[in-house]
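Worksheet: the structure to be examined is printed underneath.
None of these values were measured; they are calculated from a predicted model. Heads up: numbering here begins at 1 and tracks the sequence.
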Amino acid sequence: MVITKKLTATTTDFSTMDLVCFCHLRWDFVYQRPQHLLTRFAQKFRVFFIEEPIFHAGEDICQVTLTKENVWVVKPHLSDVECSEMELIVRQKTLLNKLFAKMEIEKYLFWYYTPMALKISDQFRPLRIIYDCMDELSAFKFAPTEISQLEKKLFNKADLVFTGGHCLYEAKQDCHHNIHPFPSSIDKEHFSKARADVNEPSDQAPIPRLRIGFYGVIDERFNINLIREVASLRPEWHFVLVGPVVKIHPDDLPRNNNIHYLGGKSYQELPQYLAGWDIAMIPFEKNESTKFISPTKTPEYLAAGKPVISSSIRDVVKPYGELQLVHIADTTEQFIAAVEKELSTSDKSEWSKKVDQYLSQISWDKTWNRMMKLVDELIPFETTYRKTVSIAATADTLTAGTSVIK
């Protein structure tokens with residue numbers, strides 16, 4: 001095999017243990033729980049983030065990119081030739097086998113975000129298996145029919161299970177003997193930037209005040225009818241929606257003049273947008289897809305110093321609603337009343353103190369450290385270190401920092 005280029009994971013030494021993560025989300029889509037946690041794990045392990053395949057006109061390859069966070073992002077590209085599902089699985093297994101051989105992944109943990117990955121990873125023998133159950137994926141729109149069955153299989157295989165919130169933990173606690181709730185946390189330093197004067201983004205600057213904002217994926221969980229009704233009843237209020245639209249037809253979105261779709265933004269840009277909002281919102285539907293979610297944006301909005309109006313998502317109601325840190329509103333009338341209450345409240349100093357006191361107890365660093373203690377209990381990690389392993393590309397480099405295995 002001819003080497004055309006070598007890439008190394010910087011000069012940092014990594015532990016003899018590798019962590020291989022299988023995820024249904026793209027690393028560069030929306031920065032959320034997997035990115036927060038795996039970036040921290042990358043300080044201790046080599047971390048490989050295996051994405052779902054992309055179909056293209058070329059041959060089967062693995063595109064491997066080292067991110068600035070020292071995470072190896074692996075994008076399988078499969079030829080779009082017509083074949084059976086079993087053949088697709090075999091082809092993905094073949095690419096993974098080549099990846100493991102080329103990167104010398106020999107002593108490793110498996111970290112799953114999707115049970116569907118069991119179909120392409122059952123030929124490996126990880127030292128331990130961890131399942132971070134961040135969502136009830138079976139309730140999502142277009143979810144594979146077999147996902148619940150595969151999740152049962154994953155529970156049987158896993159040595160350790162985390163859940164993305166307390167509500168999800170209550171639903172899954174009888175499924176595993178070693179299961180622990182870890183709700184959404186916060187990078188306070190990042191989002192507190194929104195409390196200072198920042199440059200107004202050019203696409204948000206022309207939008208009049210009052211601004212009520214949302215960032216995140218706009219999908220079947222988003223209550224588009226609520227926003228349509230409130231925007232119609234209060235045309236002087238402006239709704240700023242930041243994020244990609246997924247699984248919703250564009251024709252179904254409300255197009256009021258006071259609703260502004262700004263598209264997806266990077267994680268680094270979010271505080272700039274938050275800084276220009278008067279109120280932040282989490283207007284989710286109350287349906288099967290939101291029953292067990294724990295929105296990361298709740299503490300992020302609060303860290304930015306913004307009042308928050310949320311639908312009665314259980315992991316928002318408890319603790320944020322019960323502590324009166326967040327307004328809870330499910331109907332148009334309740335939403336309007338919450339906004340008007342905020343507008344009539346001039347002194348928010350007591351609320352701000354309560355917010356900061358609560359947020360002082362949580363962070364992604366604290367979450368990761370608690371998780372790490374549980375992972376450490378699974379297996380005694382060696383204190384020796386390995387040299388960084390080069391990746392040999394067998395095709396021309398696609399972009400800087402990216403190589404191909406085929």
Side-chain angles (χ1 to χ4, degrees), residues 5-54 61-77 92 95-96 98-114 117 120-121 124 126-132 134 162 164 182 184-185 187 190 264 266-268 270 296 363-365 367-369 371-372 375 381 385-393 397-405:
K5 182 174 181 178
K6 290 184 178 180
L7 300 176
T8 58
T10 76
T11 58
T12 305
D13 283 332
F14 289 84
S15 165
T16 55
M17 195 79 64
D18 293 326
L19 189 149
V20 181
C21 174
F22 297 92
C23 193
H24 57 294
L25 303 168
R26 301 287 175 195
W27 182 264
D28 56 0
F29 180 51
V30 175
Y31 201 94
Q32 49 189 304
R33 182 185 181 95
Q35 287 86 348
H36 281 294
L37 293 175
L38 295 175
T39 293
R40 286 162 173 81
F41 274 109
Q43 299 169 15
K44 186 177 182 74
F45 307 96
R46 284 194 311 168
V47 173
F48 296 89
F49 185 83
I50 314 296
E51 295 187 351
E52 293 183 337
I54 297 170
I61 61 171
C62 267
Q63 177 184 321
V64 186
T65 304
L66 179 64
T67 72
K68 65 181 184 297
E69 300 90 357
N70 274 333
V71 173
W72 297 94
V73 175
V74 180
K75 294 180 184 289
H77 287 64
Q92 290 179 75
L95 285 178
L96 285 178
K98 292 179 179 180
L99 172 75
F100 275 55
K102 202 66 198 171
M103 293 298 289
E104 299 180 22
I105 305 173
E106 299 167 350
K107 188 177 182 183
Y108 50 90
L109 305 175
F110 272 0
W111 182 287
Y112 288 91
Y113 278 106
T114 171
I120 62 168
S121 59
F124 296 107
L127 293 172
R128 294 291 185 269
I129 293 175
I130 301 160
Y131 177 28
D132 188 12
M134 64 180 284
F162 303 130
F182 282 93
S184 300
S185 200
D187 180 351
H190 181 64
S266 72
Y267 181 73
Q268 297 303 319
L270 294 181
T296 306
S363 71
W364 281 115
D365 283 338
T367 297
W368 180 81
N369 282 321
M371 284 183 166
M372 197 66 234
V375 174
F381 293 109
Y385 290 85
R386 68 187 297 165
K387 294 180 179 178
T388 54
V389 177
S390 299
I391 174 173
T397 300
L398 299 179
T399 57
T402 300
S403 286
V404 173
I405 294 175

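- Residue M371 holds its CE atom at 9.5 Å from CD1 of I130, rounded to the nearest 0.5 Å.
- Within the model, atoms CZ of R33 and CG of L38 stand 10.5 Å from one another, a figure rounded to the nearest 0.5 Å.
- For the pair V20 and F124, the minimum side-chain heavy-atom distance is 4.5 Å or more.
- Taking the side chain as every heavy atom from C-beta outward, K102 and V64 never approach each other to under 4.5 Å.
- Within the 4.5 Å cutoff, side-chain heavy atoms of R46 are placed close to those of I105.
- The nearest pair of heavy atoms linking L127 to K107 is CD1-CG, 3.3 Å.
- Of the inter-residue distances, the one linking E51 atom CD with Q63 atom CD reads 9.0 Å to the nearest 0.5 angstrom.
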Full working for side-chain hydrogen bond (donor to acceptor under 3.5 Å, both in side chains) between S266 and Q268: CA-CA 5 Å; S266 72; Q268 297 303 319; over 6 Å; no

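- The aromatic rings of W27 and Y31 stand perpendicular to each other, their planes meeting at an angle above 60°, with 30° marking the opposite boundary.
- Counting heavy atoms from C-beta on, the side chains of R40 and M372 never come closer than 4.5 Å.
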Pair L37-F182, side-chain contact (heavy atoms from CB on, under 4.5 Å): steps then yes or no: CA-CA 11 Å; L37 293 175; F182 282 93; over 6 Å; no

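- Contact between P76 and L95 at its shortest, heavy atoms only, is CB-CD1, 4.2 Å.
- The aromatic rings of Y112 and F22 sit parallel to each other, their planes meeting at less than 30°, with 60° as the upper class boundary.
- For the pair Q43 (side chain) and N70 (backbone), a donor-acceptor distance under 3.5 Å is absent.
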side-chain contact (heavy atoms from CB on, under 4.5 Å) evaluation trace for D28 with K75: CA-CA 11 Å; D28 56 0; K75 294 180 184 289; 4.0 Å; yes

Check against side-chain contact (heavy atoms from CB on, under 4.5 Å), R26 and I54: CA-CA 11 Å; R26 301 287 175 195; I54 297 170; 3.6 Å; yes

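- Atoms CZ and CG, on R128 and L109 in that order, are 8.5 Å from each other to the nearest 0.5 Å.
- When each of Y113, W368, Y131, W111 is paired with F162, the ring pair (Phe, Tyr, Trp, His ring centres under 6.0 Å) condition holds for W111 and for no other.
- To the nearest 0.5 Å, atoms CD1 (I405) and NZ (K98) are separated by 9.5 Å.
- A distance of 3.5 Å separates OH of Y267 from NE2 of H36, quoted to the nearest 0.5 Å.
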Criterion ring-ring contact (aromatic ring centres under 6.0 Å, His included) on F100 and Y108, from CA distance to verdict: CA-CA 10 Å; F100 275 55; Y108 50 90; 5.2 Å; yes

